[in-house]
Engineer: 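Before we start, here is the structure in question, set down as structure tokens.
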Amino acid sequence: MTGTEFEEPVASLCRRDGCTEVRLVGGSHDKGADVLGRHPDGRAMVIQCQRYAPRSTITRLPLGDQLVDAPGHQVQTEEQ
């Protein structure tokens with residue numbers, strides 16, 4: 001499965017759950033964002049998709065590190 005093959009179903013789940021303006025982004029200047037859109041209540045969302053092997057450990061939140069200085073972005077993790 002490629003990265004895009006993984007990102008497309010994530011975007012579809014967002015649409016299914018009522019999110020709007022959902023689109024896949026990517027490229028060298030995307031700051032790690034893979035899916036952008038709006039929650040049903042209008043709040044902006046930025047998703048970074050990560051596909052790891054079943055026994056892999058995630059050691060940090062790379063997107064949060066990159067968006068801290070991005071104007072207009074508020075970083076929220078599951079821990080907040």
Side-chain angles (χ1 to χ4, degrees):
M1 174 181 283
T2 67
T4 301
E5 289 171 336
F6 183 69
E7 294 160 7
E8 288 172 349
V10 170
S12 293
L13 288 171
C14 292
R15 289 184 195 98
R16 179 202 69 186
D17 291 343
C19 296
T20 60
E21 301 177 33
V22 177
R23 64 190 184 282
L24 295 176
V25 294
S28 59
H29 300 293
D30 67 5
K31 293 198 177 264
D34 295 313
V35 181
L36 298 177
R38 296 210 167 267
H39 290 274
D41 65 5
R43 291 176 297 135
M45 68 174 187
V46 179
I47 299 173
Q48 182 183 48
C49 298
Q50 295 290 320
R51 186 175 149 264
Y52 293 95
R55 291 186 177 23
S56 292
T57 301
I58 301 171
T59 58
R60 65 183 191 99
L61 298 172
L63 181 63
D65 294 346
Q66 295 175 12
L67 285 181
V68 167
D69 296 324
H73 288 89
Q74 178 182 3
V75 178
Q76 181 174 354
T77 66
E78 290 181 15
E79 297 150 357
Q80 292 178 325

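Just so it is clear, the structure is predicted and the values come from calculations on it, not from any experiment.
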Engineer: Nearest heavy-atom pair of Met45 and Arg38: which atoms, and what distance?
Structural biologist: CG-N, 4.1 Å
Engineer: Can you give me every donor-acceptor pair (side chain of residues 6-16, partner residue at least two apart or in another chain, under 3.5 Å) with its distance?
Structural biologist:
from  : atom 1 : to    : atom 2 : distance (Å)
Ser12 : OG     : Glu8  : O      : 3.2
Arg15 : NH2    : Val22 : O      : 3.2

Engineer: Report the residues that fulfil salt bridge (charged side-chain N to carboxylate O under 4.0 Å, His left out) with Asp41, sequence neighbours left out, ordered by chain and then residue number.
Structural biologist: Arg43
Engineer: Might you point out which heavy atoms bring Asp34 and Cys49 nearest each other, and give the distance in Å?
Structural biologist: OD2-N, 2.8 Å
Engineer: Identify the two heavy atoms, one from Val25 and one from Val35, that lie closest to each other, and give their separation to 0.1 Å.
Structural biologist: CG2-N, 4.2 Å
Engineer: Looking at every non-hydrogen atom in both residues, tell me the closest pair between Pro40 and Asp17 and how far apart they are.
Structural biologist: CG-O, 3.6 Å
